[in-house]
Asks: 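This is the structure I have questions about; it appears just below.
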Amino acid sequence: CPEHKWGYLVPKSMRAPGVEPIKWTHPDNLQEELDFFKLPHKDGDGANCGNPLSKDYFRFIEDGSLRSQFAEIKRALESSMQCSYWASSRERILSQFVIDTGLVDRVMFASF
């Protein structure tokens, strides 16, 4: 649904009581059979989800709120979380350097 960005479709017969879907239209009239629900956003109902694979959504992936029955999607979600970890760790890892303690000992004792 372009105006609401990311969301999910639920058959009308499976909608939970008291939960209101977003109004939407589809060229093939899928809205007659399916309800559309926006993915939640950390900034509230008025904000649209930009990318459900971003760090903000990892807690939903981890707690099972954001999941899929398809193995490929599960692997994509897991890969996204792993890539995010390594991307955020990259700066810290690259800023570290190795010190050869044997070399440090030789240099310190050689100066005396």
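Positions are given from 1 along the sequence.
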Asks: To the nearest 0.5 Å, what is the distance between CG on D35 and CE on M14?
Replies: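 Here the interatomic distance stands at 11.5 Å.
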
Asks: So, taking the atom named CD in E72 and the one named OG in S79, what distance separates them when rounded to the nearest 0.5 Å?
Replies: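 Going from the CD atom of E72 to the OG atom of S79 covers 12.0 Å.
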
Asks: Let me see the working for W24 and L30 under side-chain contact (heavy atoms from CB on, under 4.5 Å), right down to the final yes or no.
Replies: CA-CA 9 Å; W24 70 297; L30 292 178; 3.8 Å; yes

Asks: A side-chain contact here means heavy atoms from C-beta on lying under 4.5 Å apart; do P21 and R15 qualify?
Replies: yes

Asks: Mind checking what makes side chain to side chain donor-acceptor pair (under 3.5 Å) contact with N29, not counting sequence neighbours?
Replies: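 Partners of N29 under the side chain to side chain donor-acceptor pair (under 3.5 Å) test: Q31.
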
Asks: Rounded to the nearest 0.5 Å, what separates atom CD in E32 from atom CG in L34?
Replies: 10.0 Å

Asks: Tell me every residue that passes side-chain contact (heavy atoms from CB on, under 4.5 Å) with R59, counting only those two or more places apart in sequence or in another chain.
Replies: none

Asks: State which residues pass side-chain contact (heavy atoms from CB on, under 4.5 Å) with A47; sequence neighbours excluded, sorted by chain then number.
Replies: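 Partners of A47 under the side-chain contact (heavy atoms from CB on, under 4.5 Å) test: H41, D43.
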
Asks: How are the rings of F37 and Y8 set to each other: parallel, tilted or perpendicular (split at 30° and 60°)?
Replies: parallel

Asks: Between atom NZ of K38 and atom CG of N48, what is the distance when rounded to the nearest 0.5 Å?
Replies: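 Rounded to the nearest 0.5 Å, the NZ-CG separation comes to 4.5 Å.
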
